[in-house]
Amino acid sequence: MVKPLEKKEKAVSFSVGGPLVNLPGHPYTFAPIPMTSFSGAAGIADDLTVFGGVNTTGLLFGVFNADVGMVKGLWKPKGMIPGLTISPIGNFMIDRWDWNFRFYPQLDLNAYWDYGDTGNFFYLGTTNWFDLREQSVHGEERYNYWVPGFHTGHTFTTPRMNYTLELKYMGPGADVERMALDFLSIRSHGVWGFYFGVSRRF
């Protein structure tokens with residue numbers, strides 16, 4: 001979530017999208033991996049919303065991946081000055097085979113600009129994942145405890161619905177050249193991703 005709901009307002013959301021990968025046989029054509037998720041949110045105050053979600057694609061492959069967090073409004077937009085929000089989030093993962101458990105703290109910061117009479121808004125932001133384990137998944141000593149990312153998007157708003165398009169650039173320091181998939185990156189570092197989300201407010 002980029003901006004808080006109103007007090008006592010609730011929302012359910014669905015999103016699809018992921019890292020952009022090259023389509024086999026089409027060298028310059030990329031499409032997002034179709035990862036899906038469902039989430040719910042509730043406005044505790046006009047400047048504070050709590051939310052939680054589940055990655056449904058992960059469930060199909062035996063991994064329960066959920067996140068819980070909140071979005072806190074620091075100030076609202078005024079003219080050309082954007083509104084600003086901060087979101088502390090906890091990401092939890094557990095697999096069904098060995099019951100391995102992982103926890104990744106996350107901190108997002110977003111600036112957004114409202115326009116028009118319907119509440120449409122454009123936003124820019126940064127997401128920050130933290131991996132606190134001493135070793136990577138393959139046993140090597142960990143060195144990238146902080147994994148940043150950047151995103152921009154636009155939300156079209158109706159009286160009860162939100163429709164969001166978002167572009168992300170994730171892990172700019174990660175070398176993806178030797179990965180199995182051919183990701184859209186910048187000089188083989190980081191991954192671009194594209195997402196679509198729809199929310200129903202009530």
Side-chain angles (χ1 to χ4, degrees), residues 1-6 9-20 32-45 47-74 84-112 121 123-133 136-137 142 144-153 155 162-172 174 190-202:
M1 295 196 68
V2 171
K3 55 188 285 189
L5 301 171
E6 296 180 2
E9 188 177 30
K10 298 177 176 61
V12 291
S13 304
F14 169 77
S15 70
V16 60
L20 291 163
I33 297 174
M35 300 169 64
T36 59
S37 64
F38 287 91
S39 62
I44 305 302
D47 63 349
L48 180 64
T49 293
V50 295
F51 59 86
V54 175
N55 183 318
T56 43
T57 302
L59 290 175
L60 297 176
F61 293 93
V63 177
F64 177 74
N65 176 197
D67 61 82
V68 294
M70 65 180 184
V71 54
K72 169 68 176 175
L74 302 180
L84 191 66
T85 62
I86 189 169
S87 295
I89 303 167
N91 296 276
F92 306 85
M93 298 181 187
I94 187 168
D95 72 82
R96 68 177 179 85
W97 302 282
D98 301 319
W99 302 104
N100 293 311
F101 177 78
R102 298 287 185 267
F103 171 68
Y104 301 97
Q106 178 182 343
L107 186 66
D108 290 2
L109 187 67
N110 290 290
Y112 66 94
F121 61 94
Y123 62 92
L124 298 168
T126 177
T127 186
N128 301 274
W129 270 58
F130 300 93
D131 189 344
L132 306 180
R133 296 172 299 139
S136 72
V137 68
R142 178 158 299 285
N144 53 337
Y145 293 95
W146 169 50
V147 182
F150 307 94
H151 52 260
T152 182
T155 296
N162 284 8
Y163 304 93
T164 299
L165 297 171
E166 183 173 283
L167 180 68
K168 290 179 179 283
Y169 180 55
M170 301 164 283
V191 175
W192 289 98
F194 184 75
Y195 301 81
F196 170 72
V198 58
S199 297
R200 172 69 163 89
R201 307 188 318 276
F202 54 95

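Residue indices begin at 1 and follow the sequence shown.
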Q: What heavy-atom pair brings Leu132 and Pro105 nearest, and what distance separates the two atoms?
A: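 Reported closest heavy-atom pair: CD1-CG, 4.1 Å.
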
Q: Rounded at 0.5 Å granularity, tell me how far OG1 in Thr155 sits from CE in Met1.
A: 9.5 Å

Q: Tell me, please, whether Phe121 has Lys3 positioned over its six-membered ring: NZ or CZ under 6.0 Å from the ring centre and within 45 degrees of its axis?
A: yes

Q: Around Glu9, counting heavy atoms of other residues, nucleotides and ligands shown, do more than 12 lie under 6.0 Å from its CD?
A: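 Yes, CD of Glu9 has more than 12 neighbouring heavy atoms, counting only those of other groups under 6.0 Å.
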
Q: Taking side chain as C-beta onward, heavy atoms only, is Phe150 less than 4.5 Å from Thr126?
A: yes

Q: Tell me whether the rings of Tyr163 and Phe196 are parallel (<30°), tilted (30 to 60°) or perpendicular (>60°).
A: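 Tyr163 and Phe196: parallel rings.
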
Q: So which atom in Gln106 and which in Thr127 form the shortest heavy-atom distance, rounded to 0.1 Å?
A: NE2-OG1, 3.0 Å

Q: Determine whether a donor-acceptor pair (N or O, by modelled atom type, separation under 3.5 Å) exists between the side chain of Asp95 and the backbone of Asn100.
A: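 Side chain of Asp95 to backbone of Asn100, a donor-acceptor pair under 3.5 Å: yes, one is there.
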
Q: Looking at Val191 and Pro19, what are the two nearest heavy atoms and their distance?
A: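 Looks like CG1-CB, 3.4 Å.
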
Q: Can any side-chain N or O of Asn110 pair as donor or acceptor with the backbone N or O of Thr85 at less than 3.5 Å?
A: no

Q: Nearest 0.5 Å, what's the CG-OG1 distance between Leu59 and Thr36?
A: 8.5 Å

Q: Should we count CE of Met70 as having more than 12 external heavy atoms under 6.0 Å?
A: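 Atom CE in Met70 is not crowded, with 12 or fewer foreign heavy atoms closer than 6.0 Å.
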
Q: To the nearest 0.5 angstrom, please state how far the CG atom of Asp108 sits from the CD1 atom of Ile89.
A: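 It is 4.5 Å, given to the nearest 0.5 Å.
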
Q: Could you walk me through whether Leu107 and Ile86 pass the side chain to side chain contact (heavy atoms under 4.5 Å, CB included) check?
A: CA-CA 7 Å; Leu107 186 66; Ile86 189 169; 3.9 Å; yes

Q: For Met93 versus Trp129, what's the shortest heavy-atom pair and its separation?
A: CE-CH2, 4.1 Å

Q: Please check: side-chain N/O of Thr152 versus main-chain N/O of Leu124, any donor-acceptor pairing under 3.5 Å?
A: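 No, Thr152 side chain to Leu124 backbone: no donor-acceptor pair under 3.5 Å.
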
Q: Does a donor on one side chain sit under 3.5 Å from an acceptor on the other, for Ser37 and Asn55?
A: no

Q: Considering all heavy atoms of both residues, which atom of Ala41 and which atom of Thr49 are nearest to each other, and what is their separation?
A: CB-CG2, 3.9 Å

Q: With a 4.5 Å heavy-atom cut-off, do Tyr123 and His151 have their side chains touching?
A: yes

Q: Determine yes or no for a side-chain-to-main-chain donor-acceptor pair under 3.5 angstrom, with Asn65 supplying the side chain and Phe92 the backbone.
A: yes

Q: In Å, rounded to the nearest 0.5 Å, how long is the span from CG of Leu20 to OH of Tyr195?
A: 8.5 Å

Q: With a cut-off of 6.0 Å (strictly less than), are more than 12 heavy atoms of other residues, nucleotides or ligands near CH2 of Trp97?
A: yes

Q: Evaluate the side-chain proximity of Phe51 to Asp67: yes if any heavy-atom separation is below 4.5 Å, no if none is.
A: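 Contact flag for Asp67/Phe51 side chains = yes.
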
Q: Between atom CZ of Phe103 and atom CZ of Phe130, what is the distance when rounded to the nearest 0.5 Å?
A: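 So the gap between those two atoms works out to 11.0 Å.
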
Q: For the side chain of Thr164 and the backbone of Val198, is there at least one donor-acceptor N/O pair under 3.5 Å apart?
A: no

Q: Please check if the number of heavy atoms outside Phe61 that lie under 6.0 Å from its CZ is greater than 12.
A: no

Q: Is there a donor-acceptor pair under 3.5 Å between the side chain of Ser199 and the backbone N or O of Asn162?
A: no

Q: Step by step, would you call Phe38 with Val12 a side chain to side chain contact (heavy atoms under 4.5 Å, CB included)?
A: CA-CA 7 Å; Phe38 287 91; Val12 291; over 6 Å; no

Q: Taking all non-hydrogen atoms of both residues into account, name the closest pair between Leu84 and Tyr112 and its distance.
A: N-CE2, 4.0 Å

